[in-house]
Amino acid sequence: MIHSLFLINASGDIFLEKHWKSVVSRSVCDYFFEAQERATEPENVPPVIPTPHHYLISVLRHHIYFVAVIQSEVPPLFVIEFLHRVVDTFQDYFGVCTEAAIKDNVVVVYELLEEMLDNGFPLATESNILKELIKPPTILRTMVNTITGSTNVGEQLPTGQLSVVPWRRTGVKYTNNEAYFDVVEEIDGTYTFDPVTKLLTWDVGKINPQKLPSLKGTMSLQAGASKPDENPTINIQFKIQQMAISGLKVNRLDMYGEKYKPFKGIKYMTKAGKFQVRT
């Protein structure tokens with residue numbers, strides 16, 4: 001599975017590495033740097049890069065590349081999902097996932113990575129379980145650990161590992177028993193841009209004619225900035241709450257393993273795919 005993990009900042013410096021099986025030399029990242037140089041934009045670096053002896057699978061989050069080194073063929077989306085889970089865990093623990101936050105909490109980072117992967121295979125990735133295994137860092141806890149030489153690692157087995165639902169602790173009771181899950185769709189639509197009126201019109205295709213969504217905006221350079229030699233590329237992000245463009249509906253939702261009668265709700269949301277407008 002995953003042999004090594006390298007964290008690379010926007011300057012191209014490897015500021016953290018973790019190895020689970022055998023130590024992989026940093027020189028393997030040269031293939032990633034070559035692909036990075038050929039990419040026109042940071043997010044256009046290929047997520048999967050084959051090398052003579054390894055596969056490099058990476059994601060870009062918060063201006064940091066998380067590059068996993070694989071020695072055998074595995075489903076790429078499986079590794080990509082794990083890398084996103086690592087980023088989400090760092091953000092949950094430290095508030096932000098930046099190079100400075102990772103360096104300031106490097107001990108906790110290594111402890112988390114050690115628990116999230118066992119010999120290169122995902123083990124504990126749920127936040128509830130991880131927080132019982134490794135306590136989130138605080139100023140007081142950091143001072144106590146510095147004085148006593150103790151760590152943030154818990155002394156008891158997380159109760160979540162004994163639960164039927166891994167992300168939920170055992171024996172939890174709420175005043176209102178509710179269950180929600182999200183239906184999220186990504187769409188790629190058509191658009192036109194009028195350089196005279198500076199109007200960008202977006203059409204998502206088949207939708208309720210009485211509620212046709214549209215996106216309008218303006219773009220301006222910073223004061224004193226020179227006009228670019230080439231026309232810029234505009235990236236667009238949007239979300240439509242409580243709507244599924246495809247018309248997908250959930251007719252029935254059943255829950256098992258619970259003795260109480262929960263309230264079941266469904267939230268729909270449509271969000272943009274990767275949009276680029278070339279002016």
Side-chain angles (χ1 to χ4, degrees), residues 1-10 13-24 26 28-29 32 47 56-71 74-163 165-170 172:
M1 189 58 181
I2 299 178
H3 282 249
S4 301
L5 175 66
F6 295 94
L7 272 59
I8 305 174
N9 60 19
D13 299 326
I14 302 175
F15 65 91
L16 187 138
E17 60 184 272
K18 169 65 177 174
H19 307 279
W20 283 272
K21 293 187 176 181
S22 57
V23 177
V24 178
R26 287 189 172 193
V28 72
C29 294
F32 175 82
L56 305 182
I57 302 179
S58 64
V59 299
L60 174 63
R61 295 278 301 273
H62 307 289
H63 308 289
I64 299 175
Y65 289 100
F66 291 76
V67 183
V69 181
I70 314 296
Q71 288 190 346
V74 297
L77 291 180
F78 186 78
V79 181
I80 290 175
E81 173 62 23
F82 174 77
L83 294 177
H84 282 295
R85 186 64 63 89
V86 170
V87 179
D88 294 339
T89 300
F90 288 171
Q91 192 166 4
D92 187 24
Y93 263 73
F94 313 135
V96 293
C97 182
T98 61
E99 180 180 357
I102 293 174
K103 288 182 176 179
D104 292 341
N105 300 277
V106 65
V107 175
V108 179
V109 168
Y110 277 106
E111 291 174 345
L112 287 172
L113 293 176
E114 194 67 33
E115 295 295 340
M116 296 182 74
L117 277 185
D118 181 19
N119 198 30
F121 291 88
L123 178 61
T125 58
E126 294 294 341
S127 178
N128 281 342
I129 296 178
L130 286 172
K131 287 183 177 179
E132 292 189 49
L133 284 170
I134 303 171
K135 303 300 181 182
T138 62
I139 297 177
L140 179 60
R141 186 174 291 123
T142 301
M143 294 177 59
V144 172
N145 291 346
T146 303
I147 297 174
T148 62
S150 57
T151 65
N152 292 346
V153 179
E155 299 179 355
Q156 297 180 352
L157 180 68
T159 57
Q161 291 188 346
L162 306 176
S163 173
V165 184
W167 48 262
R168 183 178 182 182
R169 297 186 300 272
T170 57
V172 177

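Both backbone and side-chain heavy atoms feed into the values below; hydrogens, waters and symmetry mates do not.
- Considering Asp104, Leu112, Val106 as possible partners of Val108, the one that fulfils the side chain to side chain contact (heavy atoms under 4.5 Å, CB included) test is Leu112.
- Surrounding NE2 of His63 are at most 12 heavy atoms belonging to other residues, nucleotides or ligands under 6.0 Å away.
- No donor-acceptor distance shorter than 3.5 angstrom exists from the side chain of Asp13 to the backbone of Asn9, with no hydrogens or angles considered.
- For the atom pair CD1 of Ile57 and CG of Leu5, the computed distance is 11.5 Å after rounding to the nearest 0.5 Å.
- Closest non-hydrogen pair, Cys97 versus His62, comes out as O-CB, 3.2 Å.
- For the pair Leu113 and Phe90, the tightest heavy-atom approach, listed with the atom from each and the gap, is CD2-CZ, 4.1 Å.
- Contact detail for Glu99 and Ile64: the closest heavy-atom pair is N-CD1, 3.6 Å.
- Using a 4.0 Å cut-off between charged nitrogen and carboxylate oxygen, Lys131 and Glu126 do not count as a salt-bridge pair.
- Going from atom CG of Leu56 over to atom CZ of Phe32 covers 8.5 Å, rounded to the nearest 0.5 Å.
- Side-chain contact check for Phe66 versus Leu7: some heavy-atom pair is nearer than 4.5 Å.
- If you take NE2 on His84 and OG1 on Thr125, they are separated by 14.0 Å, rounding to the nearest 0.5 Å.
- Closest non-hydrogen pair, Ser4 versus Ser22, comes out as OG-O, 3.8 Å.
- With a 4.5 Å cut-off on side-chain heavy atoms, Phe78 and Ile2 do not count as touching.
- Val109 is not listed as a side-chain neighbour of Lys18, based on a closest heavy-atom distance of 4.5 Å or more.
- Contact record, Glu115 with Leu123: O-CB, 3.6 Å, taken as the closest heavy-atom pair.
- A donor-acceptor pair under 3.5 Å is formed between the side chain of Tyr93 and the backbone N or O of Ile134.
- Atoms OH and CG, from Tyr110 and Asn105 in turn, are 13.0 Å apart once rounded to the nearest 0.5 Å.
- Closest approach of Ala124 and Leu133 over heavy atoms only: CB-CD1, 4.2 Å.
- With values rounded to the nearest 0.5 angstrom, Arg61 atom CZ is found 5.0 Å from Asp88 atom CG.
- A 4.5 Å side-chain heavy-atom check between His19 and Val69 finds every atom pair outside the cut-off.
- Thr98 contributes atom OG1, which lies 10.0 Å from atom CD of Gln91 (distance to the nearest 0.5 angstrom).
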